Amino acid sequence: MMLQVENGCYSYVKGNPVLHNITFSLKSGKILTVMGPNGIGKTTLLKCIMGILKWQSGYSLVNGQDSLKVKKQIGYVPQAHSFSFPYLVRDMVVFGRAKYMSAFATPSHEDYVKAEAALQEVGMLDLKDKSCSQLSGGQLQLVLIARALAGEPKLLIMDEPESHLDFSNQLTILKIIKRLAKEKEIGCIMNTHYPNNAIQIADQTLLLKEGKYIVGHTSKVLSRENIQEFFAVDSEIVNIQINGEQIDAFIILEKI
């Protein structure tokens, strides 16, 4: 799978572009994190790639086809939130099969088999008969990932999948995303506010600010100079050794 975004532009107000000439590509099995200040256009970028918003100029292709024409190949994971209706976990996940069903059709046995397989992938199969309203934030986020996986995507797009979760649940989510990208050859794009999470799992990172963006290898993009320019924060990536393994870590250098 190859995602290609070429000269993508979008604005909500004429003459004031949110995204301007965005160009990047992502190969199968690779992970791209998108970072930038609040309100800068990260979610808008995801929506343009998915076709929820239409590029005003430029385009995005999935395997050489306009992303609008191959929506079935794209899975979306929103931020976890509470549901007003007590859907069972397996019913929530089978919604990911809706794009393969005709109008007013009900899920088939095969759809439920694929939904349960997706739950197995994220370690949530034992909770398939539990109400979503009874889940923790981390459990609910895993259910939403399973829902996207049930649709058998080639490209997985996630909007801050680790937000509002404790360290343990963040680590669980990140490990699953990294494994899915590698084992299933799924291209993954995720918005995040956590530089350390980007460093740990992302092959590439795209930094956004008003009128400018940078994209490239994560450790190079999240340089001290770029973080200062895009976030006005003094920082550094340091290399530490743990159990004989070298690990990069992002630290803030400013005192509070």
Side-chain angles (χ1 to χ4, degrees), residues 1-64 66-68 74 76-79 155-163 174 177 181 186-237 248 250-252:
M1 193 284 301
M2 170 72 82
L3 168 69
Q4 181 183 356
V5 176
E6 191 72 29
N7 295 322
C9 298
Y10 189 85
S11 61
Y12 293 100
V13 179
K14 187 175 181 179
N16 185 24
V18 176
L19 303 172
H20 182 64
N21 288 340
I22 303 293
T23 297
F24 68 91
S25 62
L26 180 69
K27 294 182 179 179
S28 298
K30 300 298 183 180
I31 300 172
L32 169 78
T33 47
V34 181
M35 300 186 65
N38 288 331
I40 205 66
K42 298 185 297 296
T43 298
T44 299
L45 173 62
L46 300 189
K47 289 180 176 179
C48 287
I49 293 171
M50 290 186 290
I52 295 174
L53 297 175
K54 185 177 180 181
W55 291 113
Q56 290 163 343
S57 63
Y59 57 85
S60 52
L61 305 177
V62 177
N63 286 335
D66 191 307
S67 58
L68 288 171
I74 303 175
Y76 175 59
V77 181
Q79 294 184 46
L155 175 66
L156 188 60
I157 295 178
M158 297 163 282
D159 196 357
E160 299 181 25
E162 80 281 48
S163 287
L174 294 173
I177 291 170
I186 297 174
C188 297
I189 301 176
M190 59 178 273
N191 287 349
T192 184
H193 286 294
Y194 302 100
N196 271 315
N197 292 350
I199 290 169
Q200 292 304 313
I201 72 167
D203 301 285
Q204 302 174 69
T205 291
L206 188 152
L207 275 183
L208 272 176
K209 66 175 290 188
E210 187 174 356
K212 184 176 180 180
Y213 75 95
I214 299 173
V215 63
H217 189 277
T218 297
S219 62
K220 293 182 179 179
V221 168
L222 297 183
S223 67
R224 187 172 187 172
E225 295 74 18
N226 289 340
I227 294 298
Q228 179 64 48
E229 178 183 355
F230 280 69
F231 294 95
V233 171
D234 195 15
S235 66
E236 187 67 273
I237 294 179
D248 287 334
F250 179 91
I251 60 172
I252 299 295

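All of these numbers come straight from a predicted model, not from anything done at the bench. For the single chain, residues carry numbers from 1 onward in sequence order.
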Going by heavy atoms in the side chains, are [X] and [Y] under 4.5 Å from each other?
{"X": "Ser11", "Y": "Asn16", "answer": "no"}
{"X": "Leu208", "Y": "Leu19", "answer": "yes"}
{"X": "His193", "Y": "Lys42", "answer": "yes"}
{"X": "Lys209", "Y": "Phe231", "answer": "no"}
{"X": "Leu32", "Y": "Leu3", "answer": "no"}
{"X": "Val215", "Y": "Val221", "answer": "no"}

Closest approach of [X] to [Y] (non-hydrogen atoms, all atoms of both residues):
{"X": "Arg224", "Y": "Ser235", "answer": "CG-O, 2.9 Å"}
{"X": "Ile22", "Y": "Val5", "answer": "O-CG1, 3.4 Å"}
{"X": "Asp234", "Y": "Gln228", "answer": "N-OE1, 3.6 Å"}
{"X": "Ala198", "Y": "Leu222", "answer": "CB-CD1, 4.2 Å"}
{"X": "Asp203", "Y": "Gly29", "answer": "OD2-O, 4.4 Å"}

With no hydrogens and no angle check, is any side-chain donor or acceptor of [X] less than 3.5 Å from a backbone partner on [Y]?
{"X": "Tyr194", "Y": "Glu160", "answer": "no"}
{"X": "Asn196", "Y": "Phe250", "answer": "yes"}
{"X": "Thr218", "Y": "Ala202", "answer": "yes"}
{"X": "Glu162", "Y": "Thr192", "answer": "no"}
{"X": "Gln200", "Y": "Asp248", "answer": "yes"}
{"X": "Lys54", "Y": "Tyr10", "answer": "no"}
{"X": "Asp66", "Y": "Leu61", "answer": "no"}

Quiz item: Does the side chain of Ser60 pick up a donor-acceptor pair with the side chain of Ser67 at under 3.5 Å?
Solution: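 Ser67 and Ser60 do have a side-chain donor-acceptor pair below 3.5 Å.
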
Self-check item: Derivation of the side-chain contact (heavy atoms from CB on, under 4.5 Å) call for Asn7 and Trp55
Solution: CA-CA 9 Å; Asn7 295 322; Trp55 291 113; over 6 Å; no

Quiz item: Roughly how far, to the nearest 0.5 Å, is the CG atom of Asn21 from the CD atom of Glu6?
Solution: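 Answer for the CD-CG pair, Glu6 versus Asn21, is 9.5 Å.
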
Practice problem: Determine whether more than 12 heavy atoms belonging to other residues, nucleotides or ligands lie under 6.0 Å from atom CD of Gln79. | Solution: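 More than 12 within 6.0 Å, yes.
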
